[in-house]
Amino acid sequence: MTAGQNGGSGNGNRGGDGRYDVVVIGGGAGGLNAALVLARARRRVAVVDAGEPRNAPAARMQGFLSRDGMPPAALLEVGRSEVAAYGVDLIDGSVDEVLQEPREGGGPGGFSVGLAGGAVLRGRHVLLATGLRDELPGLPGVREQWGKDVLFCPYCHGYELRDRPIGVLGTHPGAVGHALLLRQWSADIVLFAHTLEPSEDERARLAARGVRVEEGEVKRLAVEDGTVRGVELADGRVVPREAAFVFPRMVPRDGMLAGLGCARDEMGWPATDRAGRTSVPGVWAVGNAADPRAQVVTAAGMGAAAAFALNLDLVDEDVERALLAPVGQG
C-alpha cells in the first residue's frame, strides 16, 4: 500500500471520519485516470487493484496517442507513480463486495468496500474499473497463444499482421463480422466455419470481400516453437496460418456489486449514463467494466469523464452538508 497526503487531510489520504471521497476498484487506465483527475481536485482517493489486467499477455498496446507501442505494464507503472505523487492510496488486493451504508443524520450515505482478507474501506462514492474477463473457446492452442498470435482486436493487432495469412475461428456468431473487418489488413483471410453455419447472405458478403470459408470443425491450432503455424481440422488437414483471431465471450468483472442491485443493459453490462453513473447513486463504472468495446485509450477517457462528473456530485453533497451544519461549522 502506498499512502500519501492529499488536500491537507490529517489521516493519510482519508478524511477525519476515516472515509475516502472515492474508492476506485481496478487500477487500469480507466481507474488510474479517474484517480488522477480526482486527486488533482483535492479529493481523498484509494485505488484497489488485483494486478490482473486484461491486456497482460500483450507485448505492446497500440492506437494510444503518444503511447503507441508501449508495453501495457509500463503504462500502469507510470500511471501508478503519477497518482501516488498526488497522495492517492494504492492498495494491492481484490474486492469481495461493496455494500451501501445507511444515511446518518440526514447527510449522504456511503459504501463499505470489503477486501479479500477482511479489511474494509469506506467511501462516499465507488468507481468500478475492473474491466472484463475473456472466456476463450476450449480448442487446444487458443489459451496458450492468447495475446501472442491468437488475438481478438483487429485495431490493436491488425497493422502488425498486415498482408500475412490470418485465420478466424468460427466459435462465436460475431466471427463473420470479424473476418470481414480483418480483410482491411490482409488479403489472405480464412474463416474456419467450425460449428458456425454462415447464412447465404453472410457467405455472399464474405465472398464479395475475398474471404475464404473453410468448412469442417477445427481440431486444434498447430503450434510449433511457440508460434501458430496453422489451423488443424478434424479431418487432419492443416491450413497454414500465421495468426488466429477468436471472438471470446466477454464477462464484466462486477460481481462485487451484486448486493447493490445496479441495473443492467440488454447485453448484461452495468447500465451507465455518458458520465459513467450507474442506477445506484454514488456508484460509477468505466472502461471494460461498462463497455466491452473500450480500448485502453477509451477507458482512460471514460475515467476522466467520470471523475469530472463525480467531483461535481461531491461538491453538491459538500454544499448540502454545509447548509445543514450549524453556523460557523460548515
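Here the structure is a predicted model, which means the values were calculated and not measured.
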J.: Please tell me whether Val211 and Val190 are part of a single hydrophobic cluster in this structure, the criterion being side-chain heavy atoms less than 4.5 Å apart.
T.: no

J.: Kindly say whether Leu180 contributes a backbone atom to a donor-acceptor pair with the side chain of Arg209 at under 3.5 angstrom?
T.: yes

J.: Could you check whether Arg80 pairs with Asp89 (Lys NZ or Arg NE/NH1/NH2 to Asp/Glu carboxylate O, under 4.0 Å)?
T.: no

J.: Has the side chain of Glu97 got a donor or acceptor atom that lies under 3.5 Å from a matching backbone atom of Leu257?
T.: no

J.: Is any side-chain heavy atom of Pro240 closer than 4.5 Å to a side-chain heavy atom of Arg229?
T.: no

J.: What residue among Glu217, Glu215, Glu214 forms side-chain contact (heavy atoms from CB on, under 4.5 Å) with His194?
T.: Glu217

J.: Could you pull out all donor-acceptor pairs under 3.5 Å where a side-chain atom in residues 298-310 meets a protein atom, sequence neighbours excluded?
T.:
| unit_1 | atom_1 | unit_2 | atom_2 | d |
| --- | --- | --- | --- | --- |
| Thr298 | OG1 | Gln295 | N | 3.3 |

J.: Find the distance between CZ (Arg183) and CG (Leu191) and round it off to the nearest 0.5 Å.
T.: 14.5 Å

J.: What distance separates Phe247 CZ from Cys153 SG, expressed to the nearest 0.5 Å?
T.: 10.5 Å

J.: Are Val280 and Val95 grouped together when hydrophobic residues (ILVMFWY) are joined by side-chain heavy atoms under 4.5 angstrom apart?
T.: yes

J.: Is there a donor-acceptor contact under 3.5 Å from the side chain of Arg241 to the main chain of Ile166?
T.: yes

J.: Suppose we screen for salt bridge (charged side-chain N to carboxylate O under 4.0 Å, His left out). Which residues come up paired with Asp68, at least two apart in sequence or across chains?
T.: none

J.: To the nearest 0.5 Å, how far apart are CG in Asp235 and NZ in Lys219?
T.: 10.0 Å

J.: Donor-acceptor check, side chain of Glu144 to backbone of Gly141, threshold 3.5 angstrom: yes or no?
T.: yes

J.: Do Trp284 and Val126 pass the side-chain contact (heavy atoms from CB on, under 4.5 Å) test, and can you show the C-alpha distance, the side-chain angles, and the key distance before you say yes or no?
T.: CA-CA 6 Å; Trp284 307 69; Val126 171; over 6 Å; no

J.: Report whether Phe111 and Met256 are members of the same hydrophobic cluster (ILVMFWY, side-chain heavy atoms less than 4.5 Å apart, transitive linking).
T.: yes

J.: Check whether Asn55 reaches the backbone of Ala58 with its side chain - one donor and one acceptor, N or O, closer than 3.5 Å.
T.: no

J.: Main chain of Gly26, side chain of Asp49: is a donor-acceptor contact present, judged purely on distance under 3.5 Å?
T.: no

J.: Are the side chain of Thr272 and the backbone N or O of Arg277 linked by a donor-acceptor pair below 3.5 Å?
T.: no

J.: Assess the pair Phe152 and Phe245: is the distance between their ring centroids shorter than 6.0 Å?
T.: no

J.: Do you know which two heavy atoms are closest between Arg124 and Asp21, and how far apart they sit?
T.: NH1-OD1, 2.9 Å

J.: Using a side-chain heavy atom cutoff under 4.5 Å and only I, L, V, M, F, W and Y, what cluster partners does Val297 have?
T.: Met61, Phe64, Met70, Leu75, Val78, Val296

J.: Can you confirm whether His125 sits close enough to Val283 that some side-chain heavy atom of one is under 4.5 Å from a side-chain heavy atom of the other?
T.: no

J.: Do the side chain of Ser199 and the main chain of Glu202 share a donor and acceptor less than 3.5 angstrom apart?
T.: yes

J.: Give, for atom CG of Leu323 and atom CD of Glu320, the distance between the pair rounded to the nearest 0.5 Å.
T.: 5.5 Å

J.: For Glu200, does the CD atom sit with more than 12 other heavy atoms under 6.0 Å from it, leaving out its own atoms?
T.: no

J.: List the residues meeting ring-ring contact (aromatic ring centres under 6.0 Å, His included) with His157, not counting sequence neighbours, and say none if there are none.
T.: none

J.: Can you measure from CZ (Arg19) to OG (Ser112) and round to the nearest 0.5 angstrom?
T.: 11.5 Å

J.: Would you please name every residue forming a ring-ring contact (aromatic ring centres under 6.0 Å, His included) with Trp185, sequence neighbours left out?
T.: Tyr155

J.: Between Tyr20 and Arg122, does the side-chain hydrogen bond (donor to acceptor under 3.5 Å, both in side chains) criterion hold? Intermediate values first, please.
T.: CA-CA 6 Å; Tyr20 293 96; Arg122 299 177 65 230; over 6 Å; no

J.: As an exercise, state the distance from CG of Asp134 to CG of Asn288, rounded to the nearest 0.5 Å.
T.: 8.5 Å

J.: So, does Arg60 use its side chain to make a donor-acceptor pair with the main chain of Gly69 at under 3.5 Å?
T.: yes

J.: Show me the pairs that pass side chain to side chain donor-acceptor pair (under 3.5 Å) and involve residues 160-181, at least two apart or across chains.
T.: Arg164-Glu242

